[in-house]
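Notes for the one structure printed next.
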Amino acid sequence: MEIKGKRVVLTGAAGGMGRLLAKALQDKGATLALVDANADALHQVAEGLPGSHPVAGDLSSAEGCRIACDECLELLGGIDVLINLAGINSFTAYEDEDPGKIELMMRVNLLAPMWLARAILPSMQAQNSGRIVNVGSIFGSIGFAYFTTYSTTKFALRGFSEALRRELADTNIKVTYIAPRAVKTPMNSDAVMKMGEATKMNMDAPDDVVQKTIEAINNDRKDIYFGFPEALFVRINVLFPRLVDKALAAQNRIARKFAKGEA
Ligand SMILES: NC(=O)c1ccc[n+]([C@@H]2O[C@H](COP(=O)([O-])OP(=O)(O)OC[C@H]3O[C@@H](n4cnc5c(N)ncnc54)[C@H](OP(=O)(O)O)[C@@H]3O)[C@@H](O)[C@H]2O)c1
């Protein structure tokens with residue numbers, strides 16, 4: 001899909017990846033509605049991108065998503081691309097996970113993309129074109145210890161993307177699922193960064209993910225999994241999950257110390 005001239009809604013636009021993706025999309029000629037809960041940061045991003053429309057809003061409820069969607073539709077006059085990028089994570093032993101955080105992560109990482117897609121789909125169907133891009137994670141294919149809730153949300157987002165893509169296969173509305181590996185952004189706490197160093201976790205620069213996301217849209221990719229060996233591990237995990245259990249066991253023991261605040 002050619003990005004030039006497209007009306008794009010980008011959620012999480014004030015975040016580490018979002019602000020770079022917003023600029024890259026505008027550079028390619030898209031008209032942008034930028035959605036984020038962090039109103040101050042969002043307005044800063046929009047000021048740097050003349051012609052873009054900031055839409056400050058909390059996407060953690062169906063009502064919040066409906067309000068944001070209505071505002072985007074009104075501002076853009078229609079939507080060609082929805083990019084569900086907003087997300088939150090949590091790095092902790094599951095016994096320490098806050099139940100409220102479990103619900104919030106399900107809402108922001110899974111339900112918001114589902115609610116937004118549901119709200120926008122009728123207008124895409126009316127114009128018989130569109131693309132929904134869901135940003136998941138490698139952790140949505142490889143269940144990752146101490147990111148248990150986060151992994152769960154991204155597994156479900158991948159399932160949603162696959163099912164919706166198949167449901168829309170006979171239409172001109174496409175679904176793309178993007179699965180980055182770890183990325184250097186503010187999403188990752190100091191504990192995650194230190195654990196990443198201790199376990200030699202590969203971490204990409206946000207710019208790399210942005211460029212590949214643009215390529216995925218341009219080249220009509222159904223999905224994209226980042227990095228070697230992570231993308232290979234995704235395939236091995238389907239066929240031989242016990243091998244991946246073994247490969248990750250030592251790393252998990254190190255990660256536990258950081259997740260429990262004992263390192
Ligand atoms: N960073 C990684 O290692 C990594 C790896 C793989 C996949 N991903 C995925 O990539 C996406 C972007 O991540 P990032 O690294 O750019 O994260 P980030 O820097 O934390 O940015 C996320 C943005 O989403 C916003 N947001 C959070 N909750 C929201 C809500 N309820 N309503 C509206 N906006 C909300 C945040 O606002 P606040 O600042 O106010 O919270 C923030 O601006 C996420 O879906 C993430 O899961 C990230």
Side-chain angles (χ1 to χ4, degrees), residues 9-24 33-46 54-69 71-72 82-91 100-101 103-116 133-142 144 146-147 149-158 160-161 176-193 195-196 201-210 212-213 216 223-227 230-231 234:
V9 173
L10 173 65
T11 74
M17 271 189 250
R19 56 186 58 220
L20 298 176
L21 184 54
K23 173 152 186 3
L34 305 172
V35 187
D36 205 286
N38 188 337
D40 291 345
L42 180 67
H43 283 102
Q44 261 183 18
V45 172
V55 176
D58 181 354
L59 300 174
S60 66
S61 70
E63 180 66 357
C65 287
R66 192 193 57 73
I67 291 169
C69 173
E71 202 176 328
C72 291
L82 164 65
I83 305 180
N84 284 306
L85 180 71
I88 49 177
N89 79 1
S90 169
F91 172 56
K101 185 83 188 270
E103 182 175 346
L104 184 64
M105 287 174 77
M106 292 298 285
R107 285 174 173 272
V108 177
N109 294 2
L110 173 64
L111 294 176
M114 294 181 74
W115 285 322
L116 287 171
V133 180
N134 293 324
V135 180
S137 166
I138 287 287
F139 291 7
S141 298
I142 300 173
F144 227 81
Y146 307 106
F147 290 90
T149 308
Y150 180 74
S151 279
T152 304
T153 65
K154 296 295 188 178
F155 264 72
L157 183 65
R158 181 167 60 87
F160 168 62
S161 307
T176 299
Y177 176 75
I178 308 267
R181 59 183 182 183
V183 190
K184 288 175 203 143
T185 72
M187 169 175 274
N188 293 314
S189 63
D190 281 354
V192 174
M193 297 305 282
M195 179 276 289
M201 184 184 267
N202 293 315
M203 281 214 166
D204 290 320
D207 260 326
D208 295 344
V209 182
V210 165
K212 290 206 176 77
T213 301
D223 48 36
I224 176 165
Y225 292 82
F226 284 74
E230 289 79 1
V234 166

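Please read these numbers as outputs of a predicted model, since none were measured by experiment. Indexing begins at 1, ligand by ligand and atom by atom, following the structure's order.
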Subset of ligand 1 atoms that lie under 4.0 Å from at least one heavy atom of P186: 19 (O)
Non-hydrogen atom of G57 closer than 4.0 Å to ligand 1: yes
Reported CZ-to-CE distance for the pair F91 and M195, which is rounded to 0.5 angstrom: 4.0 Å
A37 N/O to ligand 1 N/O under 3.5 Å: yes
4.0 Å heavy-atom contact, G136 with ligand 1: yes
Heavy-atom gap F139 to ligand 1 smaller than 4.0 Å: no
Subset of ligand 1 atoms that lie under 4.0 Å from at least one heavy atom of A182: 3 (O)
Name of the residue among L10, V209, V135, L34 meeting side-chain contact (heavy atoms from CB on, under 4.5 Å) with L21: L10
Residue S60 vicinity, atoms of ligand 1 by number, heavy atom under 4.0 Å: 31 (N)
Atom indices of ligand 1, in the order listed, that fall short of 4.0 Å to a heavy atom of G16: 16 (O), 18 (P), 19 (O), 21 (O)
G12 N/O under 3.5 Å from ligand 1 N/O: no
Distance (rounded to the nearest 0.5 Å) between N134 CG and L116 CG: 9.5 Å
K184 near ligand 1 by a heavy-atom separation under 4.0 Å: no
Interatomic distance, N109 atom CG to K154 atom NZ [nearest 0.5 angstrom]: 4.5 Å
Min N/O separation V183 to ligand 1 under 3.5 Å: yes
Residue selection (non-hydrogen contact nearest atom 45 (O) of ligand 1) among L85, V45, T153, V210: L85
L59: numbered ligand 1 atoms lying under 4.0 Å from its heavy atoms: 30 (C), 31 (N), 32 (N), 33 (C)
Nearest-0.5 Å distance, CH2 of residue W115 to OG of residue S60: 7.5 Å
R107 side chain to S61 side chain, donor-acceptor N/O pair below 3.5 angstrom: no
Numbering as shown, the atoms of ligand 1 that approach Y150 to under 4.0 Å (heavy-atom distance): 6 (C), 7 (C), 8 (N), 9 (C), 46 (C), 47 (O), 48 (C)
Whether R181 lies under 4.0 Å from ligand 1, heavy atom: yes
Side-chain touch F144/Y150, heavy atoms, less than 4.5 angstrom: no
Which residues share a salt bridge (charged side-chain N to carboxylate O under 4.0 Å, His left out) with E71, sequence neighbours left out: none
Option set I88, D58, V192, L42, criterion heavy-atom distance to atom 31 (N) of ligand 1, minimum: D58
Interfacing atoms of ligand 1 (cut-off 4.0 Å, heavy-atom, A14): 43 (O)
D204/R181 ion pair, N-O < 4.0 Å: yes
Atoms of ligand 1, numbered as shown, that sit under 4.0 Å from any heavy atom of N188: 1 (N), 2 (C), 3 (O)
Short N or O distance, V108 and ligand 1, threshold 3.5 Å exclusive: no
Separation between OG1 of T11 and CG of L82, rounded to the nearest 0.5 Å: 7.0 Å
